[in-house]
There are 2 protein chains.
Amino acid sequence: MAILVVGSVAFDSIQTPHGKREKCLGGAATHFALAASFFSPVRVIAVVGEDFTGTEESVLKQRAVDTQGIEHLPGKSFHWSGSYLRTLNEADTLNTELNVFESFEPKIPSSYGDSEFLFLANIDPALQSKVRAAMPKVKMVCGDTMNFWISGQRDKLAAVLRELDVLLINDGEAKMLANDQNLVGAADKILKMGPKTLIVKHGEFGATAFFSERSFADGKKRVPFRAPALPLAEVIDPTGAGDSFAGGFFGYLAAQPEVTPAAFRAAMFYGGVMGSFCVERFGTERAQSLTREEIDQRFALFKEISHLE
Amino acid sequence: MAILVVGSVAFDSIQTPHGKREKCLGGAATHFALAASFFSPVRVIAVVGEDFTGTEESVLKQRAVDTQGIEHLPGKSFHWSGSYLRTLNEADTLNTELNVFESFEPKIPSSYGDSEFLFLANIDPALQSKVRAAMPKVKMVCGDTMNFWISGQRDKLAAVLRELDVLLINDGEAKMLANDQNLVGAADKILKMGPKTLIVKHGEFGATAFFSERSFADGKKRVPFRAPALPLAEVIDPTGAGDSFAGGFFGYLAAQPEVTPAAFRAAMFYGGVMGSFCVERFGTERAQSLTREEIDQRFALFKEISHLE
């Protein structure tokens, strides 16, 4: 089933210990869409400037991502500059130019109306709510956010959280959102804010899903599920790893006949798989050369590193 | 098969957000022995002072731990004081009184001579080497160390590492020992220092085993194995969690007919299980009330939180 993603399509200028790239294609919606495209049809809502040309668009189109909803405006695209020279675990933002993204007003093409899965990438919660409201019939909504919105737009974020099937954030964001330094305590509090299920990403240590009674149709509360990450000898560029995780997770889930606990667990493994590929090269480079066969091989590897038998 | 452990049997004074305990029974060898005792016979080599009475000894004896090798000397036992008020992830040492431990000279009772598994808990590497040399016929040697010995006794530690089947340390120690901030890179370097297998403990994120061609009899190099930790709503006292992990891991392994890859993986799960119990109460309290049935139930839970099927 088709996934609609709303978020940033941007240019990133990135420095890591392995080199640098100037204005390479990036943005949460881009990384999400490329990862999800290996499993399900993906449609993007975003805004770009005149510097986003056919070259950039072809990266998405070659993965059959529907770009009709990418609005082209005069001016420049969102441009983020970051450095991982201090640590690969966290980007130091050097510069953020919002450009056309500053006045982003998501517009949903009528051809996107039958999308059954909705991913609200990390943007202003007011915009997330707006897109959610415009898609009342979707089956499943998954969303991301960040510290900036948690501290600055708590009321608007609360409205988004009430609409989410799955909230996907990292450890620091979860602890900040719940104001609880214990992850299990934080998860309990966040699940009471609205999301049926919470996935907390732990970077190199994988991700944990915390379930509520509302997670699955049977009304049963389940124990958490922890998916591993692959121990990597080299991380070339961490940018987009979290969005690639989300894309692998949600893309796989949207392709299943039903969202069962078993499908959810496998989806988390595919999330880890897509995150592990993303960081192997700069920007979208690895996703562009990736094959489904490589994905399935790595899924088997994830099982091998984590399963008793 | 019987395990011989050499290490500290001590008193701990502990502060955590959940309360405090003055001079409760602790020490690496104590926590290791109690955890391992649920799987295999355990024999302890340590030194204590006059403050170590029948009350403390009975904690070990009730778990059928052989205490013949605990030497009693005039004076006081090793006494460590630590606080977890700043963070539960790391103890702030408030005071260390080595007392009789300062001149510890391990003496191995003749009745311990047929021990087939040897655990060298975190003590001076010169003493670890001495005990290792006195037990030439053991089948398997597992060892721990810490930043203090890594920075201060590198040559003596190197001699210990060459004798180890398994080195069991945490993330920070592994990166420090290898002088490499990437865990996979650090593991490669450490495996070249001698240990056939390296287990790196990640606290709340579980543990990863890194294998070499020498890990198992078949000479095959395997991909890493990651065992989960249980997400816990409450950590009452983290003291001894790492030693309990080691005890569960090595205790289970010593009880198997052969050290196969499958047995090794299960042993890592049992390590996580024993660590998860340890932190539920202060000091050795949880280990004292624990049953094998509870252990097996939690092993099943570890499988449930980490396995696709």
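No experiment lies behind these values; they were computed from the predicted model shown. These values consider heavy atoms only, across backbone and side chains, with no hydrogens, waters or symmetry-generated copies. Letters A, B, ... mirror the listed sequences (proteins, then strands); counts begin at 1.
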* Output the residues of residues 264-280 of chain B for which the shortest heavy-atom distance to chain A is under 4.5 Å, in residue-number order; output 'none' if no such residue exists. => B:R265, B:A266, B:F269
* Answer with side chain, backbone, both or neither: which region of B:A233 has an atom nearer than 4.5 Å to a non-hydrogen atom of chain A? => both
* Is it the side chain or the backbone of A:L230 that comes within 4.5 Å of chain B heavy atoms, both, or neither? -> neither
* Asked: Does anything in residues 210-225 of chain A get under 4.5 Å of chain B by heavy atoms, and if so which residues?
  -> A:F210, A:V223, A:P224, A:F225
* B:N89 versus chain A, the contacting section by heavy-atom distance below 4.5 Å -> neither
* **Contacting moiety of B:A186, where chain A heavy atoms sit under 4.5 Å** => neither
* Considering all heavy atoms, the nearest B:P231-A:R226 contact -> CG-NH2, 3.9 Å
* **Approximate separation, where rounding is to 0.5 Å, of B:L232 CG and A:L183 CG** => 10.5 Å
* Structure fact -> Most contact-rich option vs chain A, by heavy-atom pairs under 4.5 angstrom, among B:A187, B:A209, B:S306, is B:S306
* Heavy atoms of other groups near A:K189 NZ, more than 12 under 6.0 Å -> yes
* Asked: For B:L88, is it the side chain, the backbone, both, or neither that has a heavy atom closer than 4.5 Å to a heavy atom of chain A?
  -> neither
* Where on B:E204 is there a heavy atom nearer than 4.5 Å to chain A: the side chain, the backbone, both, or neither? -> both
* To do: Just give me the residue among A:E234, A:K303, A:H202 that pairs up with chain B most often, heavy atom to heavy atom, under 4.5 Å.
  => A:H202
* To do: For the pair B:F205 and A:F205, name the ring-plane relationship: parallel under 30°, tilted 30 to 60°, perpendicular over 60°.
  => parallel
* **Region of B:L308 in contact with chain A, defined by heavy-atom distances below 4.5 Å** => both
* With rounding to the nearest 0.5 Å, note down the distance linking CD in A:E309 to CD in B:E309. => 14.0 Å
